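Encoded as C-alpha cells, the structure appears first; notes follow it.
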Amino acid sequence: MGGYFDHNATTPVSEAAREAWQEAVERHWHNPSGLYREAGAVKRLLEDLREELADYFGCEPERIVFNSGATEGNNAVFRGVGGGGRVLLSGVEHPSVRDAASAMLGERVAELGVGASGAVEVETLMGELEEGEIDLVSVMAANNETGVVQPWRAIGDCCRSAGVRYHCDGAQWVGKMSMGGLGECDLVTGSGHKFGGPKGVGFLVLPEDGRELFAGQRGGPQEGGYRGGTEDYPGIAAMMAALRERVKGEVGAAENREWFEVELKSRVDGVRVVGAGGERLWNTSMLVMPAHPNLKWLTRLSGLGFGLSTGSACSSGKENPSHVMEAMGLGYDEMGRVLRVSSGVETERADWEALLEAFEAVWGQLESGERPRGSRSLAEI
Ligand code: PMP
C-alpha cells in the first residue's frame, strides 16, 4: 500500500525481519531452555541478540528483557515501582502508561503538564523533584499522536541528580531515531512492530540496581528470572533484524514531511499542524483540518487508497477526547478534526505527492458536498 500513512500504529514487517523469522522457525525453533545441542544453539543466538540490543542502548546485557511489547513493559514498570511516594507522568503518555499507573498506583500518580508545544518543561520537573517524595518519573521519548519529542536526555539528567528513577517509553523512538544515551534511562520500553519487526515482540531495559522489583510476568526462569515464559526466538530474531537495518542508518528524514506540510497548507486553506513549533519525529504530522469531521476525511481518503488515523481522538472530540490533544490545549471542536499522518522508511516522495493530491481532492469533494465516486452516501458510512 503506497498510501499507507499509519506507521505510528504499526509498520509492515521488513524483508530482513521476514527472512530472519523464516530461518529461525525452520532451524532454531527449539526451546532455548532445553538441555540438548539444538536448544543450546538457540540459547546462544538469543544471548547474542541480547548483547547486540544492549550495545545499541549502551548498557549491560543483563538489563535487557525480551517481552511481548511496550504495553507489557509499561505494566511491569508500574507494578514494580515500590515505595510510597509520588509517581510523575507527563500529560501526554500512552494509555499503557497512564492506565497501568493509575490502576496500580492510584492516588500516588501525579501529572506533569506539558507546554503548548507538547513537551515537558524541564524547569517544572526540577521544581517537582525539589519538593521530594517521588519514586518514579515517566516521560516518553516521542509521542505517538503528534511525534513531539520530549527532552528525555535532560529529564534523565535531572532525575539522576535527584536520585529518582526515570522510565522512558521508547516505543515511538527506537528504530526511528538514534538510540545513543537511551540506556542511561533507568527503564526503557520498546516494541518491535513500530520499526519493521513483528507484532507481539518487544523489550524492557531494567535499571542497574533493584532489577528484581520489575520482574513482570511470573513463571519459569527465562529472561534471567525477570520474565517467565518460553522466549519467542523467531520473533526476537526478526525484531532484531529490523532494528539492525534501522541502526545501520536506514532511518528516514523529515524533508518529505516538511514539504508535504507546506504544500498542504497552500492547498487546503486553514490547516494547522499540532506541535509544529518544537522538535518532532521525522515521520509524523498531526493535522487539524479547517472543516469537516475527521471520520469523513478518513473514509474518503481510505476510498482513494490511503490509510491514516485520527491519533486517538475519534470522530467527536467531545465523546472521545484525546488526553494528548487536551494537554496541548486543543478544544473539542478541533479534536474532532484531527488527522494523523505517519510515514515509514519505505515511504517515497511520490507517495507524499499522491497523498497531497488525495487531500486536495477530498477537500474539494467535502466543500462542494459531492459524493465520492461509487460510494454510499455519507449518512450510510
Ligand atoms: N507506547 C507508545 C508510545 C506507543 O505508541 C505504543 C503503541 N501504540 C505502545 C506504548 C504500546 O505498544 P505495544 O503495541 O507494543 O503494546
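In listed order, ligands and their atoms are each counted from 1. Please read all numbers here as calculations on a predicted model, not as lab measurements.
- Side-chain contact, Q222 with R227: no donor N or O sits under 3.5 Å from an acceptor N or O.
- Using cut-offs of 30° and 60° for the angle between ring planes, the W297 and F359 rings count as tilted.
- The aromatic rings of F5 and W352 lie perpendicular to each other, with more than 60° between the two planes, well past the 30° mark.
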Quick one: ligand 1 N/O to protein N/O pairs below 3.5 Å?
from, atom 1, to, atom 2, distance (Å)
ligand 1, 1 (N), D169, OD1, 3.3
ligand 1, 1 (N), D169, OD2, 2.7
ligand 1, 5 (O), Q172, NE2, 2.8
ligand 1, 8 (N), H94, NE2, 3.2
ligand 1, 8 (N), K194, NZ, 2.8
ligand 1, 14 (O), H193, NE2, 2.8
ligand 1, 15 (O), A70, N, 2.9
ligand 1, 15 (O), S191, OG, 2.6
ligand 1, 16 (O), T71, N, 3.0
ligand 1, 16 (O), T71, OG1, 2.5

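- Other residues, nucleotides and ligands contribute only 12 or fewer heavy atoms inside 6.0 Å of the CD atom of E348.
- Using a distance-only test at 3.5 Å, with no hydrogens or angles considered, no donor-acceptor pair links the side chain of R337 to the main chain of H292.
- Heavy atoms from other residues, nucleotides or ligands lying under 6.0 Å from CD of E60 number 12 at most.
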